[in-house]
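Just below is one structure, and these are the notes that go with it.
Just the heavy atoms: all of them, side chains too, but no hydrogens, waters or symmetry mates, feed the values below. Since this is a predicted model, take the numbers as computed values, not measurements.
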Amino acid sequence: VNRSTLISIPTLVRVKPGALSRLGIYFQRAQHRRVLILASEGLPEEICNTARQSLQENQIEVVGWINIQDNSFERAALTFRDLPSKVDAVVGLGGGKALDVAKYIAFLARLPYYAVPSSLSNDGLCSPQSSLTIAGKRRSLSAALPHGVVIDVAVCLAAPRILWQSGVGDLAAKLTSVFDWKLAFHHKGEPVDDFAALLSDATVHQFMARPDFDLTGTSLLGTALLLNGVAMEICGSSRPASGSEHLISHALDSLSERPRLHGLQVGLAAYMVSQLQQQRTSEIAELFDRTDFWSTIASDPFSRREWLEAVRIAPTIKNDFFTVLSLRDCVPEIERIIDTDPRLAKCFHD
Ligand SMILES: [Zn+2]
């Protein structure tokens, strides 16, 4: 089977400063005259105004502007029910929750979806799943890749740096997830899609070569996160982007008193599981040195007790999902790593 007939990848991709002020031009070219905007609640006025002005200048009608506060499936279903008729495209503008809801609604309505992130805190901006909550529980629901991805690099660079660092953490997780995927092949015969694995790996290295908090670094980060979403679409699973480090983060989300940003959790978990996997540890360490990831974690340390519990239940989070955590009881090793690794000294409290 020729897989190019089975996947759909974004048609429009813009990763550059000032892209937001050209939004209307992109829709006009695509002949999307009536758009529905789902924007993050509390998004800076300046970002909303730039988008509105560009749409207005290009005679694009905004048939609805909905502020998204939470990413619950229940809320998304109501928004879908009340969808205005004659919408040409759905736009997610802002942070992860608005983008996840917009992506899912567009998928249900079979409408073109445009992702317009205001920060780069994780790889969800261009992934084939929507992360929503159902009855309060986090779920990954099937959706489609965006029709368009518009990353205004200047806007994303102006967002709080902790969001950028969270994106770096989610990207570092690709180094451990691809290894887990290969373990699953060797132990369970789970097929690895070589091209998806290669794409995932290559995008991380491109960013690692220049992981600076500036326009170029932000552009590389956005591109890498975006191409990772494409890697997931190519192989039809989250394997190239999500492995044992994501299981630990999901476990933390369910048991922690105060879960932190997704990318901070998976990044830190990736550093630790890389030691279980005995690969890539120094690369991840250096990446986090250069991006000041450690200081951000140290400014609000994690609970050592919660992490050990998360590592303990992580292998039970997903059925039939082989990772390094399936090989043996890893809790004692993680305990030793937390207690002896100098980089982790300030990352945990009791
Ligand atoms: Zn992730």
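No side-chain heavy atom of V91 sits under 4.5 Å from any side-chain heavy atom of L36. Taking the side chain as every heavy atom from C-beta outward, L20 and E46 never approach each other to under 4.5 Å. Within the 4.5 Å cutoff, the side chain of I47 has heavy atoms near those of the P44 side chain. Looking at V35 and V63, their side chains never come closer than 4.5 Å, going by heavy atoms from C-beta outward. A heavy-atom distance below 4.5 Å is not found between the side chains of N58 and Y26. Under the 4.5 Å side-chain criterion, counting only non-hydrogen atoms from C-beta, Q165 is in contact with D292. With a 4.5 Å cut-off on side-chain heavy atoms, T203 and F207 do not count as touching. In this structure the side chain of L268 reaches within 4.5 angstrom of the side chain of L344, judged on heavy atoms.
Using cut-offs of 30° and 60° for the angle between ring planes, the Y271 and F288 rings count as tilted.
Side-chain atoms of T323 come within 3.5 Å of backbone N or O of L325 as a donor-acceptor pair. Looking at S219, its side chain never comes within 3.5 Å of a backbone N or O of L215 through a donor-acceptor pair. No donor-acceptor pair closer than 3.5 Å links the side chain of Q53 to the backbone N or O of A51. Side-chain atoms of S40 come within 3.5 Å of backbone atoms of G95 as a donor-acceptor pair (strictly under, hydrogens ignored). S54 places a side-chain N or O within donor-acceptor distance of the main-chain N or O of S21, the cut-off being under 3.5 Å.
The environment of D320 atom CG is sparse: at most 12 non-hydrogen atoms of other residues, nucleotides or ligands sit within 6.0 angstrom. Sparse packing is recorded around NZ of K182, with 12 or fewer heavy atoms of other residues, nucleotides or ligands lying under 6.0 Å away. Within 6.0 Å of NZ on K16 lie more than 12 heavy atoms contributed by other residues, nucleotides or ligands. Few gaps surround CD on E74; more than 12 heavy atoms of other groups in view lie less than 6.0 Å from it. The neighbour count for I9 CD1, taken as heavy atoms of other residues, nucleotides or ligands under 6.0 Å away, does not exceed 12. Dense packing is recorded around CD of E335, with more than 12 heavy atoms of other residues, nucleotides or ligands lying under 6.0 Å away.
Considering only residues two or more places apart in sequence or on other chains, T218 meets the side chain to side chain contact (heavy atoms under 4.5 Å, CB included) condition with L120, V153, C156, L157, W164. Remark: R312 engages E309, V331 in a side chain to side chain contact (heavy atoms under 4.5 Å, CB included) (not counting sequence neighbours).
For the atom pair CD1 of I162 and OG of S119, the computed distance is 11.5 Å after rounding to the nearest 0.5 Å. With values rounded to the nearest 0.5 angstrom, K97 atom NZ is found 10.0 Å from S72 atom OG. For the atom pair OG of S177 and CG of L247, the computed distance is 10.5 Å after rounding to the nearest 0.5 Å. Between F107 atom CZ and S142 atom OG the span is 6.0 Å, to the nearest 0.5 Å. For the atom pair R33 CZ and L55 CG, the distance stands at 12.5 Å (nearest 0.5 Å). Summarising the geometry, atom CG belonging to L264 is positioned 7.0 Å from atom OG1 belonging to T296; distances are rounded to the nearest 0.5 Å.
Closest heavy-atom contact between D350 and S303: O-OG, 3.7 Å. V90 approaches V87 most closely through the heavy-atom pair CG2-CG1, 4.5 Å. Taking each heavy atom of A196 and P240 in turn, the nearest pair found is O-CB, 4.2 Å. Considering all non-hydrogen atoms of both residues, L145 and P128 come closest at CD2-N, 3.5 Å. Minimum heavy-atom separation, Q265 to S249: NE2-OG, 3.0 Å. Between M272 and I337 the shortest heavy-atom distance is O-CD1, 4.0 Å.
Judged by distance alone, the side chains of R304 and H349 never bring a donor and an acceptor atom under 3.5 Å apart. Between H205 and E283, the side chains place a donor N or O and an acceptor N or O closer than 3.5 Å (distance only, hydrogens not considered). With 3.5 Å as the limit, one finds no donor-acceptor pair spanning the side chains of S131 and D100. No hydrogens or angles considered: a donor-acceptor pair under 3.5 Å links the side chains of S256 and E306. Judged by distance alone, the side chains of S127 and K103 do bring a donor and an acceptor atom under 3.5 Å apart.
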| message | Between L225 and N122, does the side chain to side chain contact (heavy atoms under 4.5 Å, CB included) criterion hold? Intermediate values first, please. | response | CA-CA 7 Å; L225 292 171; N122 61 60; over 6 Å; no
| task | Show your reasoning for whether salt bridge (Lys or Arg N to Asp or Glu O under 4.0 Å) applies to D253 and K137. | result | CA-CA 10 Å; D253 287 339; K137 284 194 79 175; over 6 Å; no
| task | Evaluate the side chain to side chain contact (heavy atoms under 4.5 Å, CB included) criterion for residues L111 and L83: first the C-alpha distance (whole Å), next the side-chain angles of each, then the deciding distance (0.1 Å), finally the verdict. | result | CA-CA 11 Å; L111 285 168; L83 207 63; 4.3 Å; yes
| query | Which is it for I234 and F195 under the side chain to side chain contact (heavy atoms under 4.5 Å, CB included) test, yes or no, and what are the steps along the way? | reply | CA-CA 8 Å; I234 288 172; F195 188 81; 3.6 Å; yes
| request: Dump the intermediate steps for side chain to side chain contact (heavy atoms under 4.5 Å, CB included) on H246 and V266, then the final yes or no. | output: CA-CA 6 Å; H246 272 69; V266 296; 3.8 Å; yes
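A distance below 6.0 Å separates the ring centres of H32 and Y114. Aromatic rings of F322 and H187 (six-membered ring for Trp) have centroids within the 6.0 Å cut-off, being under it.
For the pair R161 and F213, the cation sits on the ring face: its NZ or CZ lies under 6.0 Å from the ring centre, inside 45° of the axis. Both tests pass for R260 against the ring of F302: distance under 6.0 Å to the centre and angle within 45° of the axis. R75 forms no cation-pi arrangement with F73, by the criterion of a distance under 6.0 Å to the ring centre and an angle within 45° of the ring axis. Taking the centre and axis of the six-membered ring of F321, the NZ or CZ atom of R239 falls inside the cone set by 45° and 6.0 Å.
Each of I68 and I37 belongs to its own hydrophobic cluster when Ile, Leu, Val, Met, Phe, Trp and Tyr are linked at side-chain heavy-atom distances under 4.5 angstrom. L23 and V155 fall within the same hydrophobic cluster, where Ile, Leu, Val, Met, Phe, Trp and Tyr residues are linked whenever their side-chain heavy atoms come under 4.5 Å apart, directly or through other members. Follow the hydrophobic side-chain contacts under 4.5 Å out from L141 and you reach L38 in the same cluster. Both I284 and L261 are assigned to one and the same hydrophobic cluster, defined by single-linkage of ILVMFWY side chains at heavy-atom distances under 4.5 Å. Hydrophobic clustering of Ile, Leu, Val, Met, Phe, Trp and Tyr side chains at less than 4.5 Å, counting indirect connections, unites I60 with V62.
Between D123 and K174 there is a salt bridge, with a side-chain nitrogen of the basic residue lying less than 4.0 Å from a carboxylate oxygen of the acidic one. Salt bridge status for R22 with D152: absent, with no side-chain N to carboxylate O gap under 4.0 Å. Look at D212 and R210 and you find a salt bridge, because one of the NZ, NE, NH1 or NH2 atoms lies within 4.0 Å of a carboxylate O, short of that distance.
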